[in-house]
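Presented below is the structure to which this report refers.
The basis for the numbers below is simple: all heavy atoms, side chains too, and nothing from hydrogens, waters or symmetry mates. Numbered from 1 within each chain, the chains take letters A, B, ... in sequence-line order.
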There are 2 protein chains.
Amino acid sequence: MELDKRREAILAAVIHRYITTAEPVSSSTIAEKYNLNLSSATIRHEMNLLEKSDYLWQPHTSAGRVPTDKGYRFYVDNLMKKTDLEESKKEQIMQIYRKSKEFEQTMKITSQLLSRLTNNIGLVLEPDFINNSLRRVQLTPVGNNRILVLIITDTGLVYQKLINLSGEISEDNLNYLSNFINSKLQEKNIDLANLYNILKEELKRILSLQEQFVFIHSLIEDCFNYRYFKDKVYLNGRINLIRQPEFRETEKLDYLLSFIEKENILAETIRRCLVWENTQVIIGQENRPKEMQDCSLITREYKIKGKPAGAIGILGPTRMDYSRVISIVEYISETLSEILSEF
Amino acid sequence: MELDKRREAILAAVIHRYITTAEPVSSSTIAEKYNLNLSSATIRHEMNLLEKSDYLWQPHTSAGRVPTDKGYRFYVDNLMKKTDLEESKKEQIMQIYRKSKEFEQTMKITSQLLSRLTNNIGLVLEPDFINNSLRRVQLTPVGNNRILVLIITDTGLVYQKLINLSGEISEDNLNYLSNFINSKLQEKNIDLANLYNILKEELKRILSLQEQFVFIHSLIEDCFNYRYFKDKVYLNGRINLIRQPEFRETEKLDYLLSFIEKENILAETIRRCLVWENTQVIIGQENRPKEMQDCSLITREYKIKGKPAGAIGILGPTRMDYSRVISIVEYISETLSEILSEF
DNA sequence: CTTTAGCACTCTCCTTGCTAGAGTGCTAAT
DNA sequence: ATTAGCACTCTAGCAAGGAGAGTGCTAAAG
């Protein structure tokens with residue numbers, strides 16, 4: 001697993017070259033374009049050894065070398081120098097964010113930024129509702145026994161859910177409930193699970209038995225039971241991948257894209273690899289879902305007022321400019337955290 | 001422009017065959033597979049004439065024939081027999097719809113259904129807000145001088161908008177405003193433009209001059225001015241197109257997909273071709289945007305409680321099963337209208 | 001006059017064989 | 001330890017040729 005400096009330099013050069021040209025890299029290119037002061041023969045020799053230890057491979061005998069997953073892994077862990085995003089790019093990003101005052105649009109913009117800046121697929125996971133404390137709940141009748149429930153969290157996020165009751169409820173009762181909930185919420189910060197219990201108790205107290213049957217089921221179970229809250233993933237830039245030579249064959253792309261359309265599975269996949277305040281890089285075969293094993297996934301959490309909220313990421317072929325992509329993901333996660341905290 | 005019965009039958013056969021195989025159709029295939037009781041030579045003769053009048057064309061001299069846009073147009077207008085969707089499919093669609101109780105999800109499901117059933121791109125335009133009468137407005141404080149405005153229409157749709165005020169407003173004032181608006185709304189059905197004026201007057205009456213400055217700008221202009229409401233298009237199944245042989249070259253696909261990502265232009269394009277209670281078929285070059293001129297667009301309005309609301313459509317290569325696609329679009333538009341009316 | 005069999009013709013697609021070039025691994029000399 | 005030199009391997013590209021698909025035209029048959 002240990003490589004001497006020279007071999008490392010050659011590996012880095014091969015990866016750098018392959019990332020930019022997408023074509024197998026020959027020993028002579030390295031000798032010419034990278035100032036290693038070595039002849040192509042020496043480089044050839046070293047490349048041969050790198051191949052023997054699985055950092056590189058050859059598509060065929062008379063072709064140049066291509067990095068393996070292991071090669072990329074070593075590069076990311078040991079060789080890559082972290083770059084900072086140029087100030088002008090940072091400014092551009094800020095400008096685009098400034099246009100949006102709305103939560104949903106901010107999410108959308110984020111996924112767009114991620115995909116455009118990296119030419120890969122941009123991913124944004126909505127803030128995880130469960131972790132939040134609640135600030136306010138509002139029940140509004142919408143007609144035909146339907147109620148619009150607004151849940152406003154401490155972090156300023158607004159969730160809405162429209163529910164159908166199987167029976168009637170008076171507007172007075174609804175107001176009473178709203179007020180009851182809000183006064184409870186003001187006493188101390190309460191999360192969804194708490195609210196679920198408190199509300200259930202209160203409904204039992206104030207409602208008749210039949211009424212209980214109607215409301216405890218449709219209002220409480222459908223709405224305040226956290227299991228209801230589904231994963232939402234903002235996806236952008238699927239099309240970018242058809243420009244990548246690794247997806248020249250459309251079946252491959254089809255295979256990947258069909259997979260990532262499954263929102264909940266994708267969200268779970270992303271969540272699984274998150275590490276607090278760390279950018280995660282999952283390369284090729286390291287990905288659990290076999291559909292993603294030709295790709296690398298870069299993820300990072302974002303925060304709202306210091307608390308973990310959701311995650312962003314990018315997905316693209318293993319041949320990607322890791323250094324740049326990581327710096328983009330990190331800057332965007334930081335910026336998004338700031339912006340959502342101000343909301 | 002007139003064709004005799006036999007020539008029509010041959011044109012129909014060629015189109016039918018081409019739709020299913022995606023390959024140029026030869027005279028002998030027609031002679032063999034379609035019971036026209038004609039030799040391939042005769043069919044060849046007729047095809048030649050069809051080509052001379054631009055209903056068909058040949059990719060090269062020794063290839064079969066392919067329908068032109070004009071050919072498809074004639075087919076759709078004169079030859080195609082309308083089919084009804086099979087009952088089992090209808091039942092499937094209903095079942096999928098039944099799962100969704102929410103507006104946004106219903107929109108999403110609709111675009112999914114359209115794309116899956118036709119293997120093309122499914123399009124759904126959100127109901128047009130402007131045409132609706134209002135039933136109820138609710139102003140909820142969300143903290144940090146932010147107000148969540150809910151607008152509920154007669155047709156039961158809920159629109160929300162979060163606005164930032166540049167100054168403070170008391171919860172009492174907010175409640176007063178909500179009540180004021182709602183009492184006005186109960187008097188008679190009022191649309192957005194009316195509300196805008198009434199509200200402006202009332203704010204002028206109850207607020208001090210500085211307060212007016214703050215609210216009339218941020219509350220009224222940002223929220224009740226209908227220009228705010230942007231087009232939202234639910235798009236689904238972009239990936240389907242890569243399976244179509246006409247998009248084998250990825251640049252073509254890229255070209256089209258980049259275009260349709262422009263939500264407002266796409267919405268405008270769709271709206272432009274709507275005709276009340278009619279399914280519109282726009283074939284190839286008939287499309288205004290040049291990016292869509294290899295495609296056909298099928299659109300139809302849906303209604304909420306009998307009133308025109310939004311539109312659905314599908315977009316795919318000109319080689320599509322028009323009869324089937326139209327029946328799908330029509331059934332889904334009908335079903336969607338019913339479902340949204342019940343909401 | 002309409003239909004059709006027959007045939008020459010055209011064009012694509014596939015195969016084959018060949019060459020040039022890229023890039024390698026190995027060996028022997030430095 | 002490094003490198004020049006060379007034989008070797010594999011691909012990409014091109015040309016030539018043949019098979020096959022499908023046509024348009026002509027002339028004969030209905």
Margin query: Tell me the interatomic distance from B/E51, atom CD, to D/dC25, atom P, rounded to whole angstroms.
Written below: 11 Å
Next item on the list: Can you sort out which residues in residues 37-50 of chain B have a heavy atom within less than 4.0 Å of DNA chain C? Ascending by number, please.
Entry: B/L38, B/S39, B/A41, B/T42, B/R44
Check: Starting at CG of B/L36 and ending at P of C/dT4, how long is that distance when rounded to a whole Å?
Finding: 11 Å
Note to self: Would you say A/T61 places a side-chain N or O within less than 4.0 Å of OP1 or OP2 belonging to D/dT9?
What the structure shows: no
Next item on the list: Provide, to the nearest angstrom, the distance between the CD atom belonging to B/Q58 and the P atom belonging to D/dA21.
Entry: 17 Å
Note to self: Taking the axis from the first five pairs and the axis from the last five, what angle separates them in the helix from C/dC1-D/dG30 to C/dT30-D/dA1, rounded to 10 degrees?
What the structure shows: 20°
Margin query: Quick check on D/dT2: is either OP1 or OP2 less than 4.0 Å from any side-chain nitrogen or oxygen of A/R6?
Written below: yes
Note to self: Tell me if a side-chain donor or acceptor on A/T42 pairs with a main-chain N or O of A/L38 at a distance below 3.5 Å.
What the structure shows: no
Check: When you check the phosphate oxygens OP1 and OP2 of C/dT24, does a side-chain N or O of A/R65 lie under 4.0 Å from one of them?
Finding: yes
Notebook entry, point to check: Relative to each other, are the rings of A/Y72 and A/Y322 parallel, tilted or perpendicular (30° and 60° limits)?
Noted result: tilted
Margin query: I want to check a possible cation-pi pair here: A/K108 against A/Y234, using under 6.0 Å from ring centre and within 45° of the ring axis as the test.
Written below: no
Notebook entry, point to check: Quick one: A/W57 CH2 to C/dG23 P, roughly how many Å, whole number?
Noted result: 16 Å
Margin query: Between A/Y34 and A/I10, is there a side-chain heavy-atom distance shorter than 4.5 Å?
Written below: no
Note to self: Would you say that B/K82 contacts B/E330 through its side chain, given a criterion of any heavy-atom pair below 4.5 Å between the two side chains?
What the structure shows: yes
Next item on the list: Looking only at side-chain atoms of B/S62, point me to the closest of D/dA21, D/dT23, D/dT2.
Entry: D/dA21
Margin query: Rounding to an integer number of Å, can you tell me how far B/E23 CD sits from D/dA21 P?
Written below: 12 Å
Check: Any luck finding a side-chain donor-acceptor pair between B/T83 and B/S323 under 3.5 Å?
Finding: yes
Next item on the list: Quick one: do B/L50 and B/R65 satisfy side-chain contact (heavy atoms from CB on, under 4.5 Å)? Show the steps, please.
Entry: CA-CA 10 Å; B/L50 281 165; B/R65 297 317 203 285; over 6 Å; no
Note to self: Which is more 5' along DNA chain D, the nucleotide nearest A/H60 or the one nearest B/K52? Just name the residue.
What the structure shows: A/H60
Next item on the list: Kindly determine whether B/I298 and B/M320 satisfy side-chain contact (heavy atoms from CB on, under 4.5 Å), including the steps that lead there.
Entry: CA-CA 11 Å; B/I298 321 288; B/M320 64 166 74; 4.1 Å; yes
Next item on the list: Starting at atom CZ of B/R7, determine the distance to atom P of C/dT2, rounded to an integer number of angstrom.
Entry: 11 Å
Checklist line | Nearest-0.5 Å distance that lies between atom OG1 in A/T250 and atom CD1 in B/I239 | finding: 12.0 Å
